[in-house]
Amino acid sequence: MKSFYSIIRFVNNPLSKENLAIGLIMLSNNNIFYKFSNEKIQLVNKINPLNFKLLEYTIDKISNFIKSELENDISLFSDDNKVNLEYLKRLSVYNNGFLQFDNPSIINIDFDEVKFNNFFHKYIDLVIRPVEEKVIDTRFSKTVNEVFREPLKDIINIDYKVKKAEIPNLYFDYKLDGIGYNGIIYSVKSIDLNSEKPIDQIRKVISELESLNPRIDLFGKSKGFEPNKNKHYLVIDEYKGNKASYLELYDILSKQNSVDYNYHLINSIELKDVTSDIKKTNAHKFSDLIYSIN
């Protein structure tokens, strides 16, 4: 059997025909179903507060009319589809300037209350999906902190900003996770690809690191260190996401030759070996070297 329905709309602007579907009335199997969306009605209060009270009054009157007159009047329903269709067409003529019924539509489904509610929820109700909070994986930063920063915080410079005024020909400041020396210079920079910080920002950090390390080597040479013996590390774990730009960057980094880029690419687990190496050499803080007198 065919069912007939009409969408009830709040007309916010008659001139532009701007409207919001706020309700639904349906005739199916000699049953009448109707419903208004409370969420949509509350939305009207925000976009057109001047007409809100009148809208509430009108909806209340329509609901009472349907309940008291239609539900109790069997003669309003007919097995003749034309009669049911004509009834909804008469409703569609109703228009008080801000509330109107659509011309009825036909659907070849028999509805009960459950099916009607599902239909209403799908097409009329305001479905507000909660914003999913991104789960931030902090394992990388925790590992770097536990195996590198904490064990070496009193031995080398941790979270040290190399300033352009300190290193000849360096035109930017740069923050390293750690830097120290004892016969050779050690430096460590960690980048968490899985945090998905802006890819351009990550590329800039890597590019500046590639520019920084040779300048540190030249500075060390002026202090008597052999540049090819210095140990610079870039700590990056494998990217686990699915964004192409991050996957491509990790693939490039993992395949490049460390000799060409003045740093060794390691993961956060391998960082503990770097910490052990620095401890064994009884390294000092790089800042001591900066301010030392030749």
Side-chain angles (χ1 to χ4, degrees), residues 1-136 196 241-243:
M1 181 177 180
K2 293 180 179 179
S3 298
F4 307 90
Y5 68 90
S6 180
I7 295 174
I8 307 169
R9 301 180 185 274
F10 169 75
V11 182
N12 185 50
N13 189 326
L15 186 63
S16 65
K17 298 182 180 180
E18 179 185 73
N19 66 82
L20 181 68
I22 62 171
L24 181 71
I25 183 170
M26 177 180 286
L27 298 176
S28 180
N29 279 334
N30 292 340
N31 292 312
I32 184 166
F33 304 103
Y34 65 94
K35 194 172 186 178
F36 291 92
S37 170
N38 292 326
E39 291 80 7
K40 290 279 190 74
I41 292 170
Q42 291 306 313
L43 183 59
V44 170
N45 188 28
K46 294 181 179 180
I47 64 177
N48 195 333
L50 293 178
N51 283 331
F52 180 66
K53 291 295 182 182
L54 186 55
L55 175 65
E56 282 190 314
Y57 175 80
T58 305
I59 289 174
D60 186 58
K61 286 294 183 181
I62 290 174
S63 297
N64 287 337
F65 173 75
I66 294 174
K67 187 173 183 179
S68 63
E69 300 295 332
L70 300 188
E71 290 184 347
N72 296 323
D73 193 342
I74 304 301
S75 65
L76 285 169
F77 303 100
S78 171
D79 292 330
D80 185 348
N81 289 330
K82 291 182 180 180
V83 175
N84 292 332
L85 186 59
E86 281 302 316
Y87 169 72
L88 286 183
K89 282 184 177 179
R90 288 199 303 271
L91 278 181
S92 69
V93 177
Y94 178 86
N95 188 338
N96 67 352
F98 61 86
L99 193 68
Q100 69 179 35
F101 292 76
D102 281 2
N103 284 322
S105 298
I106 302 172
I107 185 169
N108 290 314
I109 298 175
D110 290 336
F111 282 84
D112 56 18
E113 188 171 356
V114 173
K115 288 181 180 178
F116 172 78
N117 285 332
N118 289 336
F119 187 84
F120 179 88
H121 181 72
K122 183 176 181 180
Y123 294 105
I124 305 297
D125 228 354
L126 181 63
V127 180
I128 302 176
R129 294 179 175 86
V131 178
E132 293 184 5
E133 293 186 9
K134 183 178 180 180
V135 178
I136 300 175
E196 294 188 350
N242 54 15
K243 293 185 178 179

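Counting from 1, the numbers follow the sequence of the chain as shown.
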- [ ] Look up atom CG in N29 and atom OG in S3, then write down how far apart they are to the nearest 0.5 Å.
- [x] 6.0 Å
Task: Counterpart residues, ring pair (Phe, Tyr, Trp, His ring centres under 6.0 Å), relative to F111 (two or more places apart) - done: F119
TODO: Give a yes or no answer on whether the side chain of D60 reaches the backbone of E56 with a donor-acceptor pair at less than 3.5 Å.
DONE: no
Task: Approximate separation, where rounding is to 0.5 Å, of L24 CG and I124 CD1 - done: 5.0 Å
Task: Pairs touching residues 4-15 that satisfy salt bridge (charged side-chain N to carboxylate O under 4.0 Å, His left out), sequence neighbours left out - done: R9-D102
- [ ] Would you mind listing every side-chain hydrogen bond (donor to acceptor under 3.5 Å, both in side chains) that reaches into residues 41-50, with sequence neighbours excluded?
- [x] N12-N48
TODO: Find out whether F101 and I7 are in side-chain contact, i.e. whether some heavy atom of one side chain is under 4.5 Å from a heavy atom of the other.
DONE: no
- [ ] Report yes if some heavy atom in the side chain of D125 is under 4.5 Å from a heavy atom in the side chain of F120; otherwise report no.
- [x] yes
Open item on the list: If you define the side chain from C-beta out and look only at heavy atoms, does anything of S63 sit under 4.5 Å from F36?
Closed with: yes
- [ ] Would you please name every residue forming a side-chain contact (heavy atoms from CB on, under 4.5 Å) with N118, sequence neighbours left out?
- [x] V114
- [ ] Find out whether M26 and I32 are in side-chain contact, i.e. whether some heavy atom of one side chain is under 4.5 Å from a heavy atom of the other.
- [x] no
- [ ] Check each of L43, I59, N19, V44 against F10 using the side chain to side chain contact (heavy atoms under 4.5 Å, CB included) test, and report the only one that passes.
- [x] V44
Task: Those residues that, when tested against K40, pass side-chain contact (heavy atoms from CB on, under 4.5 Å) (two or more places apart) - done: L20, A21, I22, S37, L126
Task: Side chain proximity check, Y5 to L27, heavy atoms < 4.5 angstrom - done: no
Task: Non-hydrogen side-chain atoms of F33 and E113 separated by less than 4.5 Å - done: yes
